[in-house]
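Presented below is the structure to which this report refers.
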2 protein chains.
Amino acid sequence: MPLTPDTATPLSNEPVTLLEVARVAGVSPSTVSRILNGTAKVAPAKREAVESAIAQLKFRPNIFARSLKTGITMTVGVLTQSIESQFYSRALKGIEVGLEASGHSPIIVSGHWNAQTDVASLKLLTSRRVDGVIILTSDIADSDVLDVAKQQPVVITERDLEGPNLRSIHVDQKFGGYLATRHLLALGHTRIAHIAGVENRADAQGRYLGYLEAHTEARVEPDPRLLVRGNFTDKGGYAAAQRLMDSGVPFTAIFCANDDTALGARLALYQRGIRVPEDVSLVGFDDMPTSSFMTPPLTSVRQPVYEVGLYAARMLLDMMGYPAEAVQLPPLELMVRETTRKCQP
Amino acid sequence: MPLTPDTATPLSNEPVTLLEVARVAGVSPSTVSRILNGTAKVAPAKREAVESAIAQLKFRPNIFARSLKTGITMTVGVLTQSIESQFYSRALKGIEVGLEASGHSPIIVSGHWNAQTDVASLKLLTSRRVDGVIILTSDIADSDVLDVAKQQPVVITERDLEGPNLRSIHVDQKFGGYLATRHLLALGHTRIAHIAGVENRADAQGRYLGYLEAHTEARVEPDPRLLVRGNFTDKGGYAAAQRLMDSGVPFTAIFCANDDTALGARLALYQRGIRVPEDVSLVGFDDMPTSSFMTPPLTSVRQPVYEVGLYAARMLLDMMGYPAEAVQLPPLELMVRETTRKCQP
DNA sequence: CTGAAAGCGCTAACAT
DNA sequence: ATGTTAGCGCTTTCAG
């Protein structure tokens, strides 16, 4: 019995085209195309012939040819601020999952909290002719966003801006700040410090406003000397907490603009021998996965980052005309853990 | 004076093609193409005419048409295990930066520590006809990797596998485990527990082997009851540390398979009132950014994750025939911080 | 140095 | 239900 070469694995690397499939199956290219896309009905016999030809030749359609013809790329662009951040990568995960069903691939580019580079990154996305765009919190000007929305649908987070081709997702940061501060006030704390986020950023500002509102509601006057500037990082929180302690102004609790800040602040307190929560209560914001493993586990305002990503993806899909299951965006929620306790005077 | 409509911004959304640019500039399409790609010399006058036409029409070449013609997509596929992980997102950042110069865009897909879904993700990448592939640690079979490498160059991490179109980057995990354990032994610890990583994974195995080697070198017999299984997560580390304490077997130090594990273990110790480092020393692995903000800051083996990403990108670029600056991969390094101290008997 | 012309691989009228 | 055919927008011989 002579050995025949294994023709199942074509040795030549010449790409297989739809045309060859058609030839092998003995049908016209359009029939193959129709089967591939389910565009029209085809006789079972032909369908079978085509499918076996596809399998035999290991045919894979060239999506570039398709995109060129249809103008649809099956990609959505995502602008994020640093993939490194735990925060954004969770949102990215949500987007990825949300897009899964429709078969769209996310193309991720990262800005750097800089309006200029963000616009450049956005350009890169549109030059790839993405079918839609998701912008995860950026400082770029409204007009630029509107501009991008002229080309394809866009969803943007943390901004109040709507348009014909533009929707936004907005989490109530102020309410979160209120929740955190009210909790502290309810525990009897009246000297509550706040390590704020990056200046001029809407989310940072919102959280601070919530801090103020809770005070107003409780008829407690916040001491302005207890407001220190952080920058949303552990390093910044560390430095801010040090400044706070150096100032000598007494306080019994700190509301941090985010969990990273709280992590840094917690270390600074530790190094000065100040116990958490015995001496000082600590509240964070975001509720990152690792925060529940801080020692002690951090009380924090849970922000539904993953769900925001999911929601953004679905919303975009809807705008692009795909059937998208509606998802509910869960509200902000205070996760009370072990860094907060009653104020002992 | 009659108001003329602002023609600088074309109102119609009809896409501008290279052909129109050529018409407006009064040259042939080939000339425009040549200018776009720098393929050949063109007369300064024509170049200028074309460039102004491009600007005026806001022309952006259709990369799909180009890719269709050239077969080059200017994209590289990246297979990662969950974008959520701090670990992988740092590597992704490295890849992003490494690719920046050449103008390639990374397309990121995530596997789930599952050989099967990883292969599917890889298929998605190749169906997008990426010019190269970077695989960030996967469990897929060698044969599948080799298979992908038939289509385009691939770089893979944490695997000893080379081929005509395949290179691998390998960090010496065993050496890292050795470093960590030697440090503990040098401090006088002899009862060193190890919370291992996921079973059957090369990196977890390597770190454990290093733990063993350091013991052998120091002529200390490791107590097999001090080896407990973790899974590279904080949760797993937490549970493992609990099991360890419940077992009643005495120990004075723990070497954790990674920082997440150490974070979990640290919480478990805290909850039982066991102090770090006074009662028990703790060493992690990876040296994630937040580890230096653990309380107390974690001693850990620094793994150059970002650099691995950078290195992978450059290596791939080189394989694809682009000039790529060589980068040095820094060696593993023990970052001694505050969770380890002399064993006090 | 520049232009004409032939496709890259696929889809979508338009016929049949 | 299926085939024929004309492009999608670009690059690239091949002439001149």
Side-chain angles (χ1 to χ4, degrees), chain A residues 10 12-51 53-54 57-75 103 126-131 151, chain B residues 10 12-51 53-54 57-75 103 126-131 151:
Chain A
S12 55
N13 224 357
E14 47 176 41
V16 187
T17 72
L18 180 145
L19 213 84
E20 291 175 58
V21 172
R23 252 195 301 265
V24 170
V27 300
S28 79
S30 9
T31 301
V32 179
S33 173
R34 285 193 265 260
I35 290 172
L36 246 34
N37 301 298
T39 319
K41 289 193 176 83
V42 284
K46 304 213 174 201
R47 148 162 276 123
E48 220 163 289
V50 168
E51 274 166 358
I54 287 176
L57 299 172
K58 296 196 174 169
F59 167 69
R60 318 202 50 190
N62 184 322
I63 59 165
F64 291 92
R66 176 182 301 178
S67 294
L68 180 58
K69 183 69 190 171
T70 62
I72 294 168
T73 63
M74 294 303 280
T75 57
T126 51
S127 82
R128 292 222 163 261
R129 293 218 167 15
V130 292
D131 297 335
Q151 317 283 321
Chain B
S12 56
N13 224 358
E14 48 176 38
V16 186
T17 72
L18 179 146
L19 214 84
E20 289 176 59
V21 173
R23 255 198 297 267
V24 170
V27 299
S28 76
S30 5
T31 301
V32 178
S33 173
R34 285 193 265 259
I35 289 172
L36 245 34
N37 301 298
T39 319
K41 290 195 174 82
V42 284
K46 304 210 173 200
R47 147 161 277 123
E48 218 163 290
V50 169
E51 274 167 357
I54 287 176
L57 299 172
K58 295 195 177 171
F59 167 69
R60 318 199 52 187
N62 184 322
I63 61 166
F64 291 90
R66 175 182 302 181
S67 294
L68 179 57
K69 186 67 189 174
T70 62
I72 295 169
T73 63
M74 293 303 280
T75 57
T126 52
S127 82
R128 291 221 165 261
R129 292 213 163 26
V130 292
D131 297 335
Q151 318 282 322

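Note on naming: letters A, B, ... go to the chains in the order of the sequence lines (proteins, then strands), and numbering restarts at 1 for each one. Computed from a predicted structure; not experimentally measured.
Each end of the helix from C/dC1-D/dG16 to C/dT16-D/dA1 yields a helix axis from five base pairs, and these two axes differ in direction by 30° (to the nearest 10 degrees).
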Which letter, B, S or -, goes with each nucleotide of nucleotides 9-16 of chain D from 5' to 3', with contact meaning a protein heavy atom under 4.0 Å? BSBB----

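When the options A/Leu68, A/Thr70, A/Asn62 are evaluated for a side-chain contact (heavy atoms from CB on, under 4.5 Å) with A/Arg66, the one that passes is A/Thr70.
Looking at residues two or more places apart in sequence or on another chain, you find no side chain to side chain donor-acceptor pair (under 3.5 Å) involving A/Ser67. With sequence neighbours excluded, the residues forming a side chain to side chain donor-acceptor pair (under 3.5 Å) with B/Arg128 are A/Ser105, listed by chain and number. Every residue two or more places apart in sequence or in another chain was checked for a side-chain contact (heavy atoms from CB on, under 4.5 Å) with A/Lys69, and none qualifies. Here A/Ser28 pairs with A/Ser30, A/Thr31 under the side-chain contact (heavy atoms from CB on, under 4.5 Å) rule; sequence neighbours left out. With sequence neighbours excluded, the residues that form a side chain to side chain donor-acceptor pair (under 3.5 Å) with A/Thr75 are A/Thr73. With sequence neighbours left out, B/Arg23 forms a side chain to side chain donor-acceptor pair (under 3.5 Å) with no residue at all.
Between the CD atom of A/Glu48 and the P atom of D/dA1 there is a distance of 18 Å, given to the nearest Å. The distance from atom CD1 of B/Ile72 to atom P of C/dG9 is 14 Å, rounded to the nearest whole Å.
Contacts classified as side chain to side chain donor-acceptor pair (under 3.5 Å) and involving residues 35-49 of chain A (residues at least two apart or in different chains) are given here: A/Ser33-A/Asn37.
The side chain of A/Lys46 places an N or O atom within less than 4.0 Å of a non-bridging phosphate oxygen (OP1 or OP2) of D/dG3.
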